[in-house]
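Please read these numbers as outputs of a predicted model, since none were measured by experiment. Just so you know, these numbers use all the heavy atoms, side chains as well, and skip hydrogens, waters and symmetry mates. The chains referred to below are lettered A, B, ... by the order of the sequence lines, with proteins before strands, and numbering in each begins at 1.
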Protein chains: 2
Amino acid sequence: MQTFTEENYLKTIYKLSEDAESVTTNQLAAVLHTKAASVTDMLKKLSEKKLIDYIPYYGVTLTETGKRIAVDVVRRHRLWEYFLVEKLNFKWDEVHEMAEELEHISSVELVDRLDQFMGHPAYDPHGDPIPDKHGRIKQHEFKPISQLSVDECGVISGVREHSPAFLQYLEKLNLMLGNQIRVIEVLVYDQSVVLTVNQSENKISISKEAAKNILVTS
Amino acid sequence: MQTFTEENYLKTIYKLSEDAESVTTNQLAAVLHTKAASVTDMLKKLSEKKLIDYIPYYGVTLTETGKRIAVDVVRRHRLWEYFLVEKLNFKWDEVHEMAEELEHISSVELVDRLDQFMGHPAYDPHGDPIPDKHGRIKQHEFKPISQLSVDECGVISGVREHSPAFLQYLEKLNLMLGNQIRVIEVLVYDQSVVLTVNQSENKISISKEAAKNILVTS
DNA sequence: TAAATTATTTAGATTAGTCTAAAACTTAAG
DNA sequence: CTTAAGTTTTAGACTAATCTAAATAATTTA
Ligand SMILES: [Mn+2]
Ligand SMILES: [Mn+2]
Ligand SMILES: [Mn+2]
Ligand SMILES: [Mn+2]
């Protein structure tokens, strides 16, 4: 059994591991809004419990056990987000903080029933895959809009940035999950992208940064 | 903002206050599965925060602020229990422990939406009233079966004991909420009660203790 | 009403998680 | 290869919640 805090560390190590081989103390301190010294203490503890492999000064990776726990936390987080949006009608920019609390509710049976109640959803409101009860994850082949060429189309299927501000911005531009976009032009000087949504004539322009953070499938 | 632990103390003081004017240190220690010394420490802290009126050696009562917080915790507990039974199809003896965790999820908006999603239920799966968002509580005029005379009828509307064992026992005898019972006989030597359920010819017998813990309305 | 019993509080420790400041280590530059 | 800069760990302290044992207050009993 893990504490609330241990689960948050494991989840964060898991997410940071997607970008890099191993995760550093400072990275964790930044994401978890804590100090490097506190992180070191926790890493020792998680290492004692065999949930991570920790080499002082060199970083940390999850053990199989640690990874399984992390994936379960992610599963709960995403299932609750789906619930909040689909059943309680919250908007996609409103659910993250609530899910940060709900993900630590421990009952396995509760999560399974919730999953069943909602018909075993495969993706959360931000397009992130929901691991199944065995920890298996279905991986999309996502591509950021920034990698599309002119005239290429794609269906918006995920986001790389989850801040309410960014999500609200997307909503305002009608860049919501499931909508089809077509790249009209990529400006040379700043790589901003001009595109249309759902065959509309209305052209919208988004920055290179935004284009990197919107994921499409073809 | 209160911690998980503070909320549990306030809720317990609130519940124990229904039976007695003021609540003692040992009562709290027993219900919260902790030691009297720990209770004293927490009472000092809650008193500092003006959530309780605490007279050392003489006991404790809730302030208006403390009571409001306690009622909100109770509201969340009962709403989640209702959700678990009505939406996720748990049985009434399975939901208490999960609700003990869920009741501490802090979002007010979440609870209000949940309430709305379920159509503002008035009673939880055990017949206990669910306070509304303003802290108002609709009070039944309940009566234990032990107070009925021979031939009197009543509709089962609540229970005074919430242990899974007791709830499962009631289920086995078909003594569920909403069912009508009629008292056939009260045995003189041990005050056990013989009764019928929903006009059935089948007579069942329950102990005096059980009869005290089943509440009916007429 | 004095003694015995019971209830409650105080004293002093412990554990989880956190912090600041200082020391130790790694890496990058010159 | 040595120094400077940046990163990480260690040392020591703090808070919240808990505990055991001892002291004290309240209540019951004789
Ligand atoms: Mn989220
Ligand atoms: Mn999400
Ligand atoms: Mn309950
Ligand atoms: Mn209940």
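Residue contacts shown for A:Y9 are limited to sugar-phosphate atoms, with no base heavy atom under 4.0 Å away. Across all strands shown, A:Y54 has heavy atoms under 4.0 Å from sugar-phosphate atoms exclusively, and none from any base.
Atom C1' of nucleotide C:dT15 and atom NZ of A:K49 are separated by 12 Å, given to the nearest angstrom. The distance between atom OH of A:Y57 and atom C1' of D:dG6, rounded to the nearest whole Å, is 13 Å. Taking atom OH of B:Y58 as the reference point, atom P of D:dA25 lies 11 Å away to the nearest angstrom. Rounded to whole Å, the distance from CD on B:Q2 to P on D:dA16 is 14 Å. In this entry the distance linking CD of B:E48 with P of D:dA16 reads 11 Å, nearest Å.
Closest approach of A:V183 and A:S149 over heavy atoms only: CB-O, 3.7 Å.
Contacts of A:D115 classified as salt bridge (Lys or Arg N to Asp or Glu O under 4.0 Å), with partners at least two apart in sequence or in another chain: A:R75.
Here ring pair (Phe, Tyr, Trp, His ring centres under 6.0 Å) pairs that include residues 34-78 of chain B, with residues two or more places apart or in two chains, are B:H77-B:H96.
Residues from residues 19-43 of chain A with heavy atoms under 4.0 angstrom of DNA chain D, sorted by number: A:T24, A:T25, A:N26, A:A36, A:A37, A:T40.
Comparing A:T3 and B:K44 by the nucleotide of DNA chain C that holds the closest heavy atom to each, the one mapping nearer the 5' end is B:K44.
With B:E161 contributing its side chain and B:S163 its backbone, the two residues share a donor-acceptor pair below 3.5 Å. In this structure, the side chain of A:Q147 does not engage the main chain of A:P144 through any donor-acceptor pair within 3.5 Å.
Taking the centre and axis of the six-membered ring of B:Y82, the NZ or CZ atom of B:K87 falls outside the cone set by 45° and 6.0 Å.
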